[in-house]
Amino acid sequence: MLQSARGGVPSSRVTPGLLRLPAIEAAPLLLGWIICRKTPAGTLKLRIVEVEAYHQNDPASHSYRGETKRAAPMFKAGGHIYVYFTYGMHYAINIVTGPAGRGEAVLLRAAEPLEGIEIMQQNRGLTDIKKLAAGPGRLAQALGITDTSLSGKILNKSSIFLEPPLEPVDTKDIVASPRIGISKNPDPLWRFYIKNSPYISRV
DNA sequence: CAGAAGATCATCT
DNA sequence: GATGATCTTCTGT
């Protein structure tokens, strides 16, 4: 692809190599990375503090039943975005990982607001910074996601993209916990979060 | 085409 | 801890 089609930004600069890994491996590595979005009102940035890895081998995953219309973006190559709408009112943002066809993605569950906080407060209708993005639906709302038009798009500096951690996350501060599901699933879904982060909902 | 469930959240007791 | 909100997506008939 021509660089001009990406605003002069090489693909390697907008799609981190870790997104070629399976979701279970990419998920904990995404902690500390910064999710960024450019909006007409300004640029929004948040540090990822909680994620969940989805793959084809658990019935709770949208990719479990194959490539449906909604979940099709999950089967694209790592670095694509998967946005879905649920409960009649909430959006959630995923980063697709792995090679095309795997059906894996990492759900962004919570993040620490860093930049564009006033805009996020307006998007959320509240001021408490700890609650701006403490949950998948809240994070999407803070970022101004009001539809699924980003679903299937690739990470891009002009819309939504990732930046590397400002400082590395200490491995000892990462907690992993399996998602409750069908018993004896040898390959469950895993949630990863930064221990003691105040930007994670305790519910 | 009907029915059910949903990768959630705000609010109330 | 319990409940209502609100509507898309998928499944089975």
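Within every chain, numbering begins at 1; the chains are lettered A, B, ... in the order of the sequence lines, protein sequences first and strands thereafter.
For A/Arg191 and A/Glu52, the salt-bridge test fails: no basic side-chain N is under 4.0 Å from an acidic carboxylate O.
As rounded to whole Å, 11 Å separates atom C1' of B/dA10 from atom CD of A/Gln141. As a whole-Å value, the separation of A/Tyr82 OH from B/dA7 C1' is 9 Å. Rounded to whole Å, the distance from CZ on A/Arg179 to P on B/dT8 is 7 Å. Residue A/His62 contributes atom NE2, which lies 10 Å from atom P of B/dG6 at whole-angstrom precision. In this structure, A/Tyr54 places its OH atom 11 Å from C1' of B/dG6, rounding to the nearest Å. One interatomic measurement links the two molecules: CG of A/Asn94 to P of B/dA7, which rounds to 11 Å at whole-angstrom precision. Protein atom CZ of A/Arg124 is 11 Å distant from nucleotide atom C1' of B/dT8, rounded to whole Å. The nearest whole Å value for the distance from the NZ atom in A/Lys131 to the P atom in B/dT11 is 9 Å.
For A/Phe85 and A/His90, the ring centers are positioned 6.0 Å apart or more.
With B/dC9, C/dT11, C/dT6 as the choices, the nucleotide that has an atom nearest any side-chain atom of A/Arg138 turns out to be B/dC9. For A/Pro136, the side-chain atoms get nearest to B/dT8 when compared with the rest of B/dT8, C/dA5, C/dC10. Distances were taken from every side-chain heavy atom of A/Phe85 (C-beta onward) to each of B/dC9, C/dC7, B/dG6; the shortest belongs to C/dC7. The nucleotide whose nearest atom lies closest to any side-chain atom of A/Thr68 is, among C/dC10, B/dA7, B/dT8, C/dC10. Distances were taken from every side-chain heavy atom of A/Arg70 (C-beta onward) to each of C/dC10, B/dA10, B/dA7; the shortest belongs to C/dC10.
There is no side-chain donor-acceptor pair under 3.5 Å between A/His55 and A/Tyr64.
DNA chain C is contacted by both A/Lys69 and A/Thr86; A/Thr86 maps to the nucleotide lying nearer its 5′ end (nearest heavy atom per residue).
More than 12 heavy atoms of other residues, nucleotides or ligands sit less than 6.0 Å from atom CD of A/Glu115.
In a base pair of the Watson-Crick type (N1 to N3 plus N6-O4 or O6-N4) or a G-U wobble (N1-O2 and O6-N3), with each distance short of 3.5 Å, B/dA7 is matched with no nucleotide. Of all nucleotides present, none satisfies the Watson-Crick or G-U wobble test against B/dT13 with each distance under 3.5 Å.
With hydrogens and angles ignored, a donor-acceptor pair under 3.5 angstrom links the side chain of A/Tyr84 to the base of B/dA7.
Looking at heavy-atom distances under 4.0 Å, A/Ala60 makes contact with a base.
In terms of hydrophobic clustering, with Ile, Leu, Val, Met, Phe, Trp and Tyr side chains grouped at heavy-atom distances under 4.5 Å, A/Tyr54 and A/Ile35 are assigned to different clusters.
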